[in-house]
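Here the structure comes first, spelled out in structure tokens, and everything after it is commentary.
Counting convention: from 1, in listed order, for ligands and their atoms alike. As a basis for the values below, the full set of heavy atoms in this structure was taken, side chains included, without hydrogen atoms, waters or symmetry mates.
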Amino acid sequence: VPVPDHIVHSVSAWSAWREAHAFSDVVILSDTQTAEHCVPMFASEYLNEPFHHLSVDPGEQSKDLSTLESVVEVLLDAGIDRDCLLICVGGGVVTDLGGFLASTFKRGIAVAHVPTTHLAMVDAALGGKNGLNFQGTKNQIGTFYPASCIVLDPRFLNTLPERELISGWSESVKHALIADTDLWNQISVSDPLKLARDPRIILRSANIKSKIAASDMNDGGIRQALNFGHTIGHAVEAESHLLHGEAIAFGMVGELWLSKQLSDLPQDQMDAANSYIKLLHPRLKKLKLDPDRLIDRMRHDKKNSAGHIRFTLISEIGQVQLATAVSPDIIRQALNYTSDYFHT
Ligand SMILES: NC(=O)c1ccc[n+]([C@@H]2O[C@H](COP(=O)([O-])OP(=O)(O)OC[C@H]3O[C@@H](n4cnc5c(N)ncnc54)[C@H](O)[C@@H]3O)[C@@H](O)[C@H]2O)c1
Ligand SMILES: [Zn+2]
């Protein structure tokens, strides 16, 4: 059983962790945005030691083998050995690239994640999965490799563009819907811009992801709960220019509808969740999607097998139902419902 992620949320807790471990070198990996907005604060408040620092270009295109190759080259040139600590300061792109790098460089080095987007704080940096894109398809190459330490510090979110913040917030909404009724009750009545930066909310949401992932490291069972909103959402993401969390917001509305049809989700709970999500994402009003293309994408999703399209649904807020097979006909109805819902 791999060691579970160790989450810290104060400088002193980080220092305690850091002092308990010896490393030959400390290497910070960031992208050029987080190099500017986050690394200086991290270095001055958290690090009392010299470090190497390398940055990749921001954006999804850095999650690939050629970027990995250039990073490895820099590490080797600097004489970095297997006893170093890699610290990934950035969003999910940096933690995925860095997680993969750490799992393979010299057959494995220690990695700490310092997530700087809401999405990475409550999702990407946790749970030990990483991924690189290959020939234009997302996450085709990856490993399971939990970080030794994860630092949650919401102050990094002060410079994150609001669109990114609200996009990442989808994952916290998802965590509430699948596993935490109390969190949902709080979310549904409070300002999302405040909650998404609230340390207690971030920790609570991060814990949901962490616990579910830890109980199913190899992704065979309960971890599928985290897929809520993602069967439709991933297809929408591939067919649009939306951010991940925006596509997931669309996916959750569709899958809430499916949950009402197939898993007895009460109408008033569906209405409350859907109107909350719609209000957060005015940009989804203009979305034009071809249902057949989306269904085709879902059929080819690596999470589906034997021609069945399976969904994680919820029978009530806080309660998941895994692996419900749904016919293309019903999926089409869900997609039509969702498009109409955002349009009107
Ligand atoms: N491994 C997993 O379990 C897992 C889970 C979910 C998502 N992911 C991956 O995460 C990636 C998406 O992550 P993301 O949404 O964090 O995107 P991202 O890493 O691309 O960050 C979004 C943008 O915000 C900028 N940025 C980050 N932090 C900032 C800050 N504090 N201030 C200013 N700008 C900042 C980045 O430079 C980037 O331009 C995807 O590649 C996805 O596949 C992985
Ligand atoms: Zn997601």
Side-chain angles (χ1 to χ4, degrees), residues 5 29-42 55-64 67 88-100 102-103 111 113-134 137-147 150 152-175 178 196-197 205-206 209-210 212-213 216-217 219 223 225-234 236-238 242-252 255 303 312:
D5 301 324
L29 178 69
S30 69
D31 68 26
T32 54
Q33 306 267 13
T34 58
E36 180 184 340
H37 297 295
C38 308
V39 172
M41 199 257 268
F42 180 76
S55 289
V56 300
D57 290 336
E60 195 63 32
Q61 66 282 357
S62 284
K63 254 178 61 168
D64 71 349
T67 307
C88 303
V89 182
V93 164
V94 172
T95 58
D96 266 13
L97 175 69
F100 186 87
S103 75
V111 61
H113 288 326
V114 184
T116 62
T117 63
H118 184 87
L119 183 127
M121 289 179 190
V122 304
D123 190 355
L126 310 163
K129 279 207 278 184
N130 57 58
L132 296 183
N133 307 328
F134 187 73
T137 310
K138 277 194 67 149
N139 300 329
Q140 292 301 294
I141 303 170
T143 59
F144 288 98
Y145 198 70
I150 292 149
L152 295 183
D153 187 335
R155 290 176 297 170
F156 292 117
L157 300 177
N158 293 339
T159 55
L160 185 69
E162 208 167 272
R163 184 178 172 194
E164 292 285 353
L165 184 75
I166 289 300
S167 172
W169 180 242
S170 281
E171 303 290 359
S172 286
V173 172
K174 178 193 76 179
H175 291 155
I178 61 170
R197 297 187 179 100
S205 177
K209 159 90 195 232
S210 242
I212 293 176
D216 181 17
M217 256 304 163
D219 214 358
R223 197 161 177 155
L226 299 167
N227 214 31
F228 179 67
H230 283 61
T231 304
I232 294 176
H234 277 147
V236 169
E237 187 176 12
L242 294 171
L243 298 177
H244 176 73
E246 296 168 342
I248 296 317
F250 186 97
M252 285 194 289
E255 296 181 21
K303 293 209 167 70
T312 296

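Checked against a 3.5 angstrom limit, the closest N/O atoms of Thr159 and ligand 1 fall inside it. For ligand 1, the polar-atom distance check finds an N/O of Lys138 within less than 3.5 Å of one of the ligand's N/O atoms. Taking any N or O of Gln33, backbone or side chain, none lies under 3.5 Å from an N or O belonging to ligand 1. At least one N or O atom of Thr117 sits closer than 3.5 Å to an N or O atom of ligand 1.
Looking only at heavy atoms of the protein, atom 8 (N) of ligand 1 is closest to Ala124 CB, 3.6 Å. The nearest heavy-atom contact from the protein to atom 29 (C) of ligand 1 is Leu160 CD1, 3.6 Å. What sits closest to atom 9 (C) of ligand 1 on the protein, heavy atoms only, is Asp96 OD2, 3.6 Å. Summary of contacts: the protein heavy atom closest to atom 38 (C) of ligand 1 is Asp31 OD2, 4.2 Å. Scanning all protein heavy atoms for the shortest distance to atom 20 (O) of ligand 1 gives Val93 CG2, 3.3 Å. Looking from atom 10 (O) of ligand 1 to the surrounding protein, the closest heavy atom is Gly92 CA, 3.2 Å. Nearest non-hydrogen protein atom to atom 15 (O) of ligand 1 is Leu119 CD2, 3.6 Å. Atom 28 (N) of ligand 1 has Thr116 OG1, 2.8 Å as its closest protein atom, hydrogens excluded (heavy atom only).
Note that CD1 of Ile248 and CD of Glu255 are 8.0 Å apart. Values are rounded to the nearest 0.5 Å.
No part of Thr32 comes within 4.0 Å of ligand 1, judged by heavy-atom distances.
Between Lys209 and ligand 1 there is a heavy-atom distance shorter than 4.0 Å. Judged by the shortest distance from any of its heavy atoms, His244 lies outside the 4.0 Å radius around the atoms of ligand 1. Within the 4.0 Å heavy-atom cutoff, Cys38 counts among the residues contacting ligand 1.
Geometry about the Zn ion (ligand 2) gives an angle of 90° between OE2 of Glu171 and NE2 of His244, rounded in steps of 10 degrees.
Below 4.0 Å from some heavy atom of Glu60 lie the following atoms of ligand 1, by number and element: 40 (C), 41 (O). Near Phe156, meaning under 4.0 Å from one of its heavy atoms, ligand 1 places the atoms 30 (C), 31 (N). Every atom of ligand 1 is numbered from 1 in the order shown, and the set under 4.0 Å from a heavy atom of Gly91 is 16 (O), 19 (O). Close approach of ligand 1 to Glu164 (heavy-atom distance below 4.0 Å) involves ligand atoms 22 (C), 23 (C). Counting atoms of ligand 1 from 1 in the listed order, those under 4.0 Å from a heavy atom of Asn139 are 43 (O).
The side-chain contact (heavy atoms from CB on, under 4.5 Å) test with Phe42 singles out one residue from Val89, Thr116, Asp153, and that residue is Val89.
Closest of all the heavy-atom pairs between Val236 and Ala247 is CG1-CB, 4.0 Å.
In terms of modelled atom types and a separation under 3.5 Å, the side chain of Glu246 and the main chain of His244 share no donor-acceptor contact. Put simply, the side chain of Arg155 never gets that close to the backbone of Met41: no donor and acceptor are under 3.5 Å apart. Formation of a donor-acceptor pair under 3.5 Å by the Asn130 side chain with backbone atoms of Thr143 is found in this model.
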Enumerate donor-acceptor pairs with a distance under 3.5 Å from any side-chain N or O in residues 118-126 to protein atoms, sequence neighbours excluded.
| residue | atom | partner | partner atom | Å |
| --- | --- | --- | --- | --- |
| His118 | ND1 | Ala196 | O | 2.9 |
| His118 | NE2 | Ser172 | OG | 2.7 |
| Asp123 | OD1 | Lys209 | NZ | 2.7 |

